[in-house]
Amino acid sequence: MWLNIAYAAALTAVSPLVLHRMIRHGRYRRGIGQKLLGLSSEQAAKIRGDAERTIWLHAVSVGEVNLLPELVRRLEKQHPEIALAISSSTDTGFDLARKHFGDERVFFCPLDFSWAVRRTLKNLRCEQLVLAELELWPNLIRCAQDANCSVRVINGRLSQTSAARYQQFAKVLRPTFERLDAVGCQDALAAERFVDCGVAPENVTVTGSLKFDNAPRSRDTTEVNERINWSGIDPWHRVWCFGSTQAGEEAMALRVYQSLRSKHPELRLILVPRHVERFEEVASLIQSQGLSAVRRSSNDSQYADQWESEEVILIDTIGELRHWWGVGQIATVGGSFGDRGGQNMLEPAGYGCAVSFGPNTKNFDTIAKQLIAADAAVRVADEAELKQFVSRCLTDIPAADSLGQSARDLVNKHRGAYQKTLEMLILAQVESRQQAA
C-alpha cells in the first residue's frame, strides 16, 4: 500500500512536467487507461485467443523491443499453444513492437500500481513474466509471485553504479531481487552484481548478450539496399553514420564534417537523433551550418539521383537506425559524449563498420571493452579525436576495413545467447506444469 501512495505522490509532483510534455510534444497521452488501470479483460482476451496460458514479455523501449523478434519467433515455433503478450513503456517502443508483432498483442505496460499490475496478470492468465534487461518494479514482481507467475529476466545487465545504488536501498529493494525466479545475464560481472543485490545464486546464469545474436550478419539485405538506393549513394562515396545522437553530438558531427569534406569530397554524413522531439531542432541545426537537411520522413521515395556533399541525411523516423548502420562504412555511436552512457554498438559492428564511440559507455561497458580489446572499435575522448578517427578512416581505408572485420569477427564469436535464453524460459514452463500437476 505504501508503494502505491509513494507512486501517487511522485506522479502528482511531476504532473506539471508531464502535462507540459503532453501538450508540447504529445508524449504520455497514449494508453492512459492501460497504464493507470491495467489491461482490460476484453483486451487480454484478444491477446490470448484460444490459449489457456500466456507469457508476458516486457521491453521498456526501442532497444529492448529489438531484442524480442527472434526470441518470439523461436517461442512460437516450439510452443504454438502459448499466447505471447508484448508490452512497452514508451510511445516509440510501443510503435516498434506493433510493427514487429501486430496490433492485437501489444499493449502499454501498466504503471507499478498494485491494482493495475494485478488486473493485467489476472486477465492475461499469465504463466511467466519476462523482463528484458531489467525493469525493477516492486509491485509488478511481487504481484506476479502472488499470482504464481514466475518472473524471469533475459539479457540481464547491471552496471556497477546501478548495483551500488540498489544496495544503498537494500532494505526496500532487496526483497524484489529475491523474488526473481531466474536471471539470464549478459556476462559474469552482471551475474555477480545480481547476486550481491539479492538474487539467489542458483537462479542466476550467464546466457550471454542477445545483442550479439541480434546484430546484423550482412549488408546484402532488402532493408539496407533500399536505403542505399534511396540515398543516391555512388560507389566512390564514404558514408559516416552518427547514430542515436543526443544534444551536442550533432553539432560536433557537423563541425567535423564541414572541416573534412573539402579535402575529402567522397565523405557523406547521416545523422540519426535518439529522440523524436529533437528532430526539428536537428533539422534547423543542419540548415544553420549552410547545409541542406534531407529528411527521411518527408522523402518516401528516392529523393535524388546523387547525394551531394552539401546534403546531410537526417533520419527523423523511428526504428530504422539498425538498417542505416549498414549504409555506412564509418560509424559513431551516440549518447557516449554526454551523460547518457552510450547505445548499442554491436549493430554497426555486425555490419563490419569502422566503429567509434565517446568516453561514456557505462550502459554498454562490457561490450565496449570487448570491442576495444579485440581492436574492433576505437574510443575517442572528444571532438578532436573524433575528427582524427574519421580522417584516418578516409585516408587509410585498409586499416578501417580491418577494424570493421575485427568487429564482425567478435560479434560472430559471441553469438548463441538466444538458444541459452530460450532454454531458460522453456525450463520455467516445464517446472510450472509440474507444479500445477
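For clarity, every value in this text was computed on a predicted model and none was experimentally measured.
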Undergrad: Backbone N or O of Ser159 within a donor-acceptor pair of the Ser162 side chain at under 3.5 Å?
TA: no

Undergrad: Is it true that Glu250 and Arg278 have a side-chain N and a carboxylate O under 4.0 angstrom from each other?
TA: yes

Undergrad: Please check this pair: side chain of Gln34 against backbone of Gly31, looking for a donor-acceptor N/O pair closer than 3.5 Å.
TA: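 Checking the backbone N and O of Gly31 against the side chain of Gln34, no donor-acceptor pair under 3.5 Å is found.
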
Undergrad: Any heavy-atom pair between the side chains of Pro138 and Asp112 that's under 4.5 Å?
TA: yes

Undergrad: Do you see a donor-acceptor pair shorter than 3.5 Å between the side chains of Ser297 and Asp316?
TA: yes

Undergrad: So if I apply the side-chain contact (heavy atoms from CB on, under 4.5 Å) rule between Phe389 and each of Ile330, Val256, Val355, which one comes out positive?
TA: Ile330

Undergrad: Can you sort out the partners of Arg255 under salt bridge (charged side-chain N to carboxylate O under 4.0 Å, His left out), two or more places apart, ordered by chain and number?
TA: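 Glu383.
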
Undergrad: So that I can tick it off, tell me whether Asp409 and Lys413 are bridged by a salt bridge, with the cut-off set at under 4.0 angstrom between side-chain N and carboxylate O.
TA: no

Undergrad: Among Leu84, Ile82, Leu68, find the residue that satisfies the side-chain contact (heavy atoms from CB on, under 4.5 Å) test when tested with Leu75.
TA: Leu84

Undergrad: Rounded to the nearest 0.5 Å, what separation is found between the CG atom of Asp339 and the NZ atom of Lys362?
TA: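 Taking CG in Asp339 and NZ in Lys362, the distance rounds to 7.0 Å.
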
Undergrad: Parallel, tilted or perpendicular: which describes the rings of Trp240 and Phe242, with under 30° parallel and over 60° perpendicular?
TA: tilted

Undergrad: By salt bridge (charged side-chain N to carboxylate O under 4.0 Å, His left out), which residues pair with Lys369, not counting sequence neighbours?
TA: Asp365

Undergrad: Once you measure the plane-to-plane angle for Trp56 and Phe107, does it fall in the parallel (<30°), tilted (30-60°) or perpendicular (>60°) bin?
TA: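 Correct class here is tilted.
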
Undergrad: Between the side chains of Glu76 and Arg73, is the shortest nitrogen-to-carboxylate-oxygen separation below 4.0 Å, so that they form an ion pair?
TA: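 Glu76 and Arg73: not salt-bridged.
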
Undergrad: Salt bridge or not between Lys211 and Glu347? Use side-chain N to carboxylate O under 4.0 Å.
TA: no

Undergrad: Charged N to carboxylate O under 4.0 angstrom, Arg157 versus Glu133?
TA: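 Salt bridge flag = yes for Glu133 with Arg157.
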
Undergrad: Flag yes if more than 12 heavy atoms outside Gln160 fall under 6.0 Å of its CD atom; otherwise flag no.
TA: no

Undergrad: Flag the pair Arg379 and Glu385 as a salt bridge only when some basic side-chain nitrogen lies within less than 4.0 angstrom of an acidic carboxylate oxygen.
TA: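 The answer is no: the pair does not qualify as a salt bridge.
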
Undergrad: Judged by modelled atom types alone, do Gln246 and Arg274 share a side-chain donor-acceptor pair under 3.5 Å?
TA: no

Undergrad: If only atom types and distance count, is the side chain of Arg415 paired as donor or acceptor with the main-chain N or O of Asp213 below 3.5 Å?
TA: yes

Undergrad: Salt-bridge test for Asp95 and Arg30: reply yes if a basic N is under 4.0 Å from a carboxylate O, no otherwise.
TA: yes

Undergrad: Spell out, as yes or no, whether a donor-acceptor pair under 3.5 Å connects the side chain of Gln186 to the backbone of Gly208.
TA: no

Undergrad: Taking only residues two or more places apart in sequence, or in another chain, which ones meet Glu249 in a salt bridge (charged side-chain N to carboxylate O under 4.0 Å, His left out)?
TA: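 If we apply the salt bridge (charged side-chain N to carboxylate O under 4.0 Å, His left out) test to Glu249, skipping adjacent residues, there are no hits.
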
